[in-house]
Amino acid sequence: VARRLSLRKHPECRSMAGGKAIEHLAQTGNRQQHVFRLPMQQRRNCDFSFCGLQNLVNKAITEKEKEEGIQEGEILSCVKDIAAAVQHAVTVHIIQRTYRAMLFCIKNSILSPKNATLVVSGGVASNQYIRKGLQSLADANDFAFLCPPPRLCTDNGVMIAWNGIERLRAGLGILHSTDGIRYEPK
């Protein structure tokens, strides 16, 4: 969404990553100016998907560009409102799916309701709006809430790579030969 909104060109967001730019602009946007249908509402499971939301947002941006008579890549006047609406829709989707997962785990005795903990990490955990929503969900369901400080909530790819570096340094689980390994790309 940040790329589609060309937020690298926005004067307030030039040096920010996409997620951070969305969060920054959303703080002063009106999320009620654009309402995006939540993804996967017909599916009663714990899966996440943002493809449908991305398509809706792309269509809304295209319509607004036509309304404002601007080319793709130029900054829309309502960019803050779109950022706020998208951030809200993503947050509600994550909360709904996480709540279903919490209920599933308790119902199937995977977690004890007495000392259950919701752990949130990775890039999504650096977003304060999402973090507060998940904190409220945990509080409302008597779950402890653990979330690293935002400076440690980086992209999961970076976290996985760092884990690989540490394992290499420690000599843990490192293959010295790839003979006999079969790769199956998807």
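Just so it is clear, the model here is predicted, and its values are computed rather than measured. Index from 1, following the sequence.
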Between [X] and [Y], which heavy-atom pair has the shortest distance, and what is it?
| X | Y | value |
| --- | --- | --- |
| Cys147 | Ala125 | SG-CB, 3.6 Å |
| Ala26 | Ala84 | CB-CA, 3.5 Å |
| Ile106 | Phe143 | CD1-CE1, 3.6 Å |
| Ala85 | Phe36 | CB-CE1, 3.6 Å |

ILVMFWY cluster membership beyond [X] - transitive side-chain contacts under 4.5 angstrom:
| X | answer |
| --- | --- |
| Ile110 | Phe104 |
| Met16 | none |
| Leu38 | Val92 |
| Leu172 | none |

Are [X] and [Y] connected in the hydrophobic side-chain network, where two residues link if heavy atoms are under 4.5 Å apart?
| X | Y | answer |
| --- | --- | --- |
| Met40 | Ile95 | no |
| Val35 | Leu53 | no |
| Val124 | Phe48 | yes |

Quick one, [X] and [Y] - any side-chain contact, counting heavy atoms below 4.5 Å?
| X | Y | answer |
| --- | --- | --- |
| Glu68 | Cys78 | yes |
| His10 | Leu5 | no |
| Glu65 | Gln71 | no |
| Leu7 | Val79 | yes |
| Leu25 | Cys13 | yes |

Please collect all side chain to side chain donor-acceptor pair (under 3.5 Å) contacts where either partner lies in [range], sequence neighbours excluded, each pair once.
| range | value |
| --- | --- |
| residues 13-22 | none |
| residues 123-151 | Gln87-Asn127, His88-Tyr129, Gln135-Asp139 |
| residues 98-117 | none |

* Under the ring pair (Phe, Tyr, Trp, His ring centres under 6.0 Å) rule, what pairs show up with a residue in residues 50-82, not counting sequence neighbours? ->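 Those involving residues 50-82 are Phe50-His93.
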
With sequence neighbours excluded, what pairs up with [X] under the salt bridge (charged side-chain N to carboxylate O under 4.0 Å, His left out) test?
| X | result |
| --- | --- |
| Glu67 | Lys64 |
| Glu74 | none |
| Glu166 | Arg169 |

* Between Arg167 and Asn163, is a side chain to side chain contact (heavy atoms under 4.5 Å, CB included) present by the stated rule, with each step listed? -> CA-CA 6 Å; Arg167 292 178 67 83; Asn163 183 6; 3.3 Å; yes

Say you draw a straight line from [atom1] of [X] to [atom2] of [Y]; how long is it, rounded to the nearest 0.5 Å?
| X | Y | atom1 | atom2 | result |
| --- | --- | --- | --- | --- |
| His24 | Thr28 | NE2 | OG1 | 6.5 Å |
| Ile61 | Leu76 | CD1 | CG | 7.0 Å |
| Ile165 | Leu168 | CD1 | CG | 8.5 Å |
| Leu118 | Cys105 | CG | SG | 10.5 Å |
| Ser6 | Ile75 | OG | CD1 | 5.5 Å |
| Glu63 | Asn58 | CD | CG | 11.5 Å |

* Got a sec, which pairs hit salt bridge (Lys or Arg N to Asp or Glu O under 4.0 Å) with one end in residues 79-91, sequence neighbours left out? ->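 Found Glu12-Lys80.
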
* Distance-only polar pair, side chains of Arg4 and Thr62, donor-acceptor under 3.5 Å -> yes

* To do: Just do the side chain to side chain contact (heavy atoms under 4.5 Å, CB included) check on Leu111 and Met102 with the steps written out, would you?
  => CA-CA 8 Å; Leu111 293 174; Met102 291 162 69; 5.9 Å; no

